[in-house]
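Just so it is clear: chains get the letters A, B, ... in the order the sequence lines come, proteins before strands, and each one is counted from 1. Because the structure is predicted, anything quoted here is derived from the model rather than measured.
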Protein chains: 2
Amino acid sequence: MKLLPNLPLLDRVQVLNTLRQHYITPTQQRVEIASLLLTQYQHLSADDILAQLNQRHPIVSKATVYNTLNLFVEKGLVQQVIVDPNKIFYDSNTNKHYHFYNVDTGCLSDIEDEQVTLTHLPHLPEKTQAIGVDIVIRIRNR
Amino acid sequence: MKLLPNLPLLDRVQVLNTLRQHYITPTQQRVEIASLLLTQYQHLSADDILAQLNQRHPIVSKATVYNTLNLFVEKGLVQQVIVDPNKIFYDSNTNKHYHFYNVDTGCLSDIEDEQVTLTHLPHLPEKTQAIGVDIVIRIRNR
DNA sequence: CTGCTTGCAAAGGCTTTGCAGAACA
DNA sequence: TGTTCTGCAAAGCCTTTGCAAGCAG
C-alpha cells in the first residue's frame, strides 16, 4: 500500500481532525477516502472512489472502500443518495440540501436549501418521526 | 400455467382496456400482474409480485415479472420508486404524489400532492428539462 | 404461419462477508 | 500482545439476458 504523495485542498491534519470528531479511528485508507470525499462537495459511487484512488498505485481494496463508506455513513460523515437502482452515491455535503439527477448523464448535483421553498408538510403516520426530506428533481438533456 | 379463479376489484375487462390504452398486448401473465398492481394503489417490488401471484399455483416466472414491469414502466402504466438500494418499488399511482418511506418497516406510503406545498423551484442546469420531482420523507418508528 | 412472449438457467453488476495476514496502540 | 483493520476471494442479492419452446392473432 502506497500513500498518494500529496493530499488535496483539505490538508491531512484537517482530515484527521474531522475523522476524530466523528469517532472514526484514522487509518491510512480511511484518510485517503475521506480526503477524496471532503476535498469538495461531490457525489461519488464506491466504484468512482476505488478508481480515483487506485489510479496510480493500488492504495485501497474494494472491500475496504465499501466497509469504510458504510462506516462513514453510520458515523454521519457522509450521506447516501439513492437515485439510481444500480449504485449508491455518497455525498459529503451534510448541510440541508437537495439534488438534481440527470438521467442522461448519471450526474448528480446539489440544490441549496434556500432555492426550494417547501411549506405545508403532511402529518406523519402515527408513532413515527421524520428522519429527513429528500427531494430529487430528475432532469434530462434537451 | 393456471389463471387465478377470480380477479380482484378491477375486473378483467377493465384491466384489458387499461393495457390496450397503453399499447400493451394483453397476455395472461401481463393481465395477472396488472390486476395485482391496479387493484389499488400500492408499492410492490418484483419479488412481492412474484410471491403474491404464485402463492397457490405457478402463474408467472421471475423473468416475466421483470420483463413485464419494465414494459409497464416504459409504457407509463406504473412508476418506479427508488428509495432503497436493495429493491425497486413499482407504484401504480401515476397521479402526482410523493412518498413516506419507513426505514424500520421498509414500508412505502403515498403523500397526496395537495398535502405538500412546493414553491420556488430552482433554475434547472443549462440545456436540461425537468422530468419530475420526487419527494421522499424518510421516517422511523418512535 | 409468423412474430411476440414466456420460462429456465446462466450471467451480470453491485455489495457484503469470511478469514488470514497486516497494522496499530 | 491484543485488538482492529485490510484485502482477497467467494458468496449473496437483485436484475438482465440467451435461447428454445409456447402462445397470440
S.K.: Need one value for B/Asp47: base, sugar-phosphate or nothing, where a base atom within 4.0 Å counts as base even if backbone is also close, heavy atoms only.
M.R.: nothing

S.K.: Which of the following nucleotides, C/dT15, D/dT17, D/dT6, is nearest to the side chain of A/Thr64?
M.R.: D/dT6

S.K.: Cut-off 3.5 Å, side chains only: do B/Asn95 and B/Asp113 have a donor facing an acceptor?
M.R.: no

S.K.: Rounded to whole angstroms, how far apart are CZ on A/Arg30 and P on D/dT4?
M.R.: 11 Å

S.K.: Report the C-alpha separation of A/Val15 and A/Thr18 in whole Å, then their side-chain angles, then the decisive distance to 0.1 Å, and conclude whether the side chain to side chain contact (heavy atoms under 4.5 Å, CB included) test is met.
M.R.: CA-CA 5 Å; A/Val15 172; A/Thr18 305; 5.6 Å; no

S.K.: When the nearest nucleotide of DNA chain D is assigned to B/Tyr90 and to B/Thr25 on a heavy-atom basis, which residue is associated with the more 5' position?
M.R.: B/Tyr90

S.K.: Examine C/dT16: is either OP1 or OP2 under 4.0 Å from a nitrogen or oxygen in the side chain of A/Asn70? Give yes or no.
M.R.: yes

S.K.: If each of B/Lys87 and A/Leu71 is mapped to the nucleotide of DNA chain D with the nearest heavy atom, which maps nearer the 5' terminus, i.e. the 5' end?
M.R.: A/Leu71

S.K.: Respond yes when some side-chain nitrogen or oxygen of A/Tyr66 is under 4.0 Å from OP1 or OP2 of C/dT16, and no when none is.
M.R.: no

S.K.: Can a side chain N or O of A/Thr27 be found less than 4.0 Å away from OP1 or OP2 on D/dT4?
M.R.: no

S.K.: SG of B/Cys107 to OH of B/Tyr101: how many Å apart, nearest 0.5 Å?
M.R.: 9.0 Å

S.K.: I'd like to know whether A/Glu126 forms a salt bridge (charged side-chain N to carboxylate O under 4.0 Å, His left out) with B/Arg142, so could you lay out the CA-CA distance, the side-chain angles of the two residues, the decisive distance to 0.1 Å, and finally the verdict.
M.R.: CA-CA 9 Å; A/Glu126 288 293 310; B/Arg142 136 170 81 73; 6.0 Å; no

S.K.: Out of C/dG7, D/dT15, C/dT17, which nucleotide sits closest to the side chain of A/Asn67?
M.R.: C/dT17

S.K.: Can you measure A/Leu69 atom CG to D/dT6 atom C1' for me and round it to whole angstrom units?
M.R.: 15 Å

S.K.: Where the side chain of A/Ala63 is defined as all heavy atoms beyond and including C-beta, which of D/dC5, D/dG7, C/dT15 is the nearest nucleotide?
M.R.: D/dG7

S.K.: In whole Å, I'd like the distance from the NZ atom of A/Lys62 to the P atom of C/dT17.
M.R.: 16 Å

S.K.: Check every atom of C/dT15, D/dA24, C/dC8 against the side chain of B/Gln28 and return the nucleotide holding the closest atom.
M.R.: D/dA24

